[in-house]
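Step one of this worksheet: look at the structure below.
Keep in mind that the numbers below use all heavy atoms, side chains included, and drop hydrogens, waters and symmetry copies.
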Amino acid sequence: SDILKGGSTLSIPDHLPIIYVTGGSSGSHILNKAIEGIWGELVKNYIVIHQSGDNKELGDFQVLKEKREELPEEYRKNYILKKFYLPAEVGDILKKTSIIISRAGIHTVTELIATGTVGLLVPLLFGKLTEQKENAVFFKERGLGEYIEQEELTPELMLSKIQSMMENYTQYTDNRSAALKYVTLDAADKIIEQIEKLYGRRRKEGWKRSLAQKKSKTSPLFQEKKEI
């Protein structure tokens, strides 16, 4: 995929560790609000690349853009806000990212394993469906990152998780090579099989239909289900 290839012309600063926040093409209002609550602390030590989406109803992008101007000038350059990125641009961002904060769709988890990106995931819940939670648990149990339940998410908890993960960063990066065994041409299928074994649930056909949709769409790292 273009995510794995990268090769865009995007200029990415790297004078500090990078935290990449993305909630899909429509953005995640929940993730946007959580980051908004802690970016004043984050920009002192990190570059925050924030893909907010362009939800016209909630207007997060405009709110974040205006509030960015309230940051001290010396830190403002460390907060990069954009509505969305192209797949190749996402690939190049991931190559330099220390931690990605995102949802936990199966494609997203697959691509994070393939790129060796450490993740802090916030599973999206739709009614009684828990696929994203299972994906997040799988990712964590492979030693590649952490997750926060959406109903438990607060800006303070997110900041604490980020700080803890950075303090113990090699705990995650040391597991990259072992996790690559799940990354083949049918990587997502293999991960689904492992999740099925873990939970004893038979959802593979539904996930396969979801996988087929990817071929005509852009990457799920910036195209998840619309949410608020």
Side-chain angles (χ1 to χ4, degrees), residues 1-55 58 60-105 107-109 111-112 114-122 144-148 153 155 158-159 161-163 165-166 169 172-173 218-224:
S1 74
D2 288 340
I3 288 247
L4 299 182
K5 294 176 183 177
S8 73
T9 59
L10 185 67
S11 177
I12 305 170
D14 56 4
H15 57 280
L16 289 171
I18 293 174
I19 294 175
Y20 175 43
V21 184
T22 177
S25 59
S26 296
S28 166
H29 183 63
I30 291 170
L31 295 187
N32 289 345
K33 295 302 290 184
I35 287 296
E36 181 187 342
I38 58 175
W39 64 3
E41 288 298 315
L42 290 178
V43 295
K44 297 176 183 177
N45 300 299
Y46 307 100
I47 295 168
V48 179
I49 299 178
H50 188 176
Q51 182 183 311
S52 67
D54 190 24
N55 189 310
L58 296 172
D60 282 359
F61 176 79
Q62 190 59 37
V63 170
L64 293 166
K65 181 179 179 181
E66 292 173 2
K67 289 194 173 183
R68 178 182 181 274
E69 297 305 310
E70 299 174 7
L71 290 171
E73 187 174 354
E74 62 181 307
Y75 296 130
R76 202 174 301 155
K77 67 180 183 298
N78 293 341
Y79 179 70
I80 301 169
L81 175 67
K82 195 169 180 180
K83 294 178 181 178
F84 56 87
Y85 287 97
L86 297 173
E89 293 174 330
V90 172
D92 289 337
I93 291 171
L94 291 181
K95 289 176 183 176
K96 295 186 176 182
T97 289
S98 294
I99 296 176
I100 181 174
I101 300 173
S102 74
R103 293 303 195 176
H107 302 311
T108 297
V109 169
E111 288 174 342
L112 295 187
T115 57
T117 306
V118 175
L120 175 56
L121 307 180
V122 181
L144 299 171
E146 304 289 340
Y147 72 90
I148 302 174
L153 178 64
M158 179 176 282
L159 179 61
K161 284 280 191 182
I162 292 170
Q163 292 171 336
M165 291 173 71
M166 290 302 297
Y169 198 64
Y172 307 103
T173 57
T218 48
S219 167
L221 281 172
F222 59 95
Q223 184 141 351
E224 296 280 5

Exercise for the section: Might you work through the side chain to side chain contact (heavy atoms under 4.5 Å, CB included) test for T97 and I19, ending with a clear yes or no? Expected result: CA-CA 6 Å; T97 289; I19 294 175; over 6 Å; no
Exercise for the section: Please list all pairs passing the salt bridge (charged side-chain N to carboxylate O under 4.0 Å, His left out) test where one or both residues lie in residues 17-30, with sequence neighbours left out. Expected result: none
Problem - Sequence neighbours excluded - salt bridge (charged side-chain N to carboxylate O under 4.0 Å, His left out) pairs with any residue from residues 20-32 - result: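 Non-adjacent pairs meeting salt bridge (charged side-chain N to carboxylate O under 4.0 Å, His left out): zero.
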Exercise for the section: Please name all residues satisfying side chain to side chain contact (heavy atoms under 4.5 Å, CB included) with K96, sequence neighbours left out, ordered by chain then number. Expected result: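 Expected list: I12, D14, I18.
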Exercise for the section: Might you point out which heavy atoms bring P155 and A34 nearest each other, and give the distance in Å? Expected result: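 The answer is CB-O, 3.6 Å.
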Practice task
Of all the heavy-atom pairs spanning L64 and W39, show the shortest one and how long it is.
Solution key: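 So the minimum-distance heavy-atom pair works out to O-CH2, 3.4 Å.
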Problem - Working for side chain to side chain contact (heavy atoms under 4.5 Å, CB included), residues Y147 and L120 - result: CA-CA 5 Å; Y147 72 90; L120 175 56; 5.7 Å; no
Handout entry: side-chain hydrogen bond (donor to acceptor under 3.5 Å, both in side chains) partners for S52, two or more places apart
Key = none
Practice task
Kindly write out the residues that satisfy side-chain hydrogen bond (donor to acceptor under 3.5 Å, both in side chains) with E66, not counting sequence neighbours, or none if the list is empty.
Solution key: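 If we apply the side-chain hydrogen bond (donor to acceptor under 3.5 Å, both in side chains) test to E66, skipping adjacent residues, the hits are Q62.
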Practice task
Supply the atom-to-atom distance H29 NE2 to D60 CG, rounded to the nearest 0.5 angstrom.
Solution key: 5.5 Å
Exercise for the section: May I ask you to check whether over 12 heavy atoms, not counting those of E69, lie within 6.0 Å of atom CD? Expected result: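 Yes, enclosed.
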Handout entry: With sequence neighbours excluded, residues passing salt bridge (charged side-chain N to carboxylate O under 4.0 Å, His left out) with E36
Key =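 Listed in chain order: K33, K67.
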Problem - Worked check of side chain to side chain contact (heavy atoms under 4.5 Å, CB included) between L31 and L153 - result: CA-CA 9 Å; L31 295 187; L153 178 64; 4.2 Å; yes
Could you tabulate the donor-acceptor pairs under 3.5 Å formed by side-chain atoms of residues 43-50, not counting sequence neighbours?
from: K44; atom 1: NZ; to: E41; atom 2: OE2; distance (Å): 3.3
from: H50; atom 1: ND1; to: Y79; atom 2: OH; distance (Å): 2.7
from: H50; atom 1: NE2; to: N32; atom 2: OD1; distance (Å): 2.7

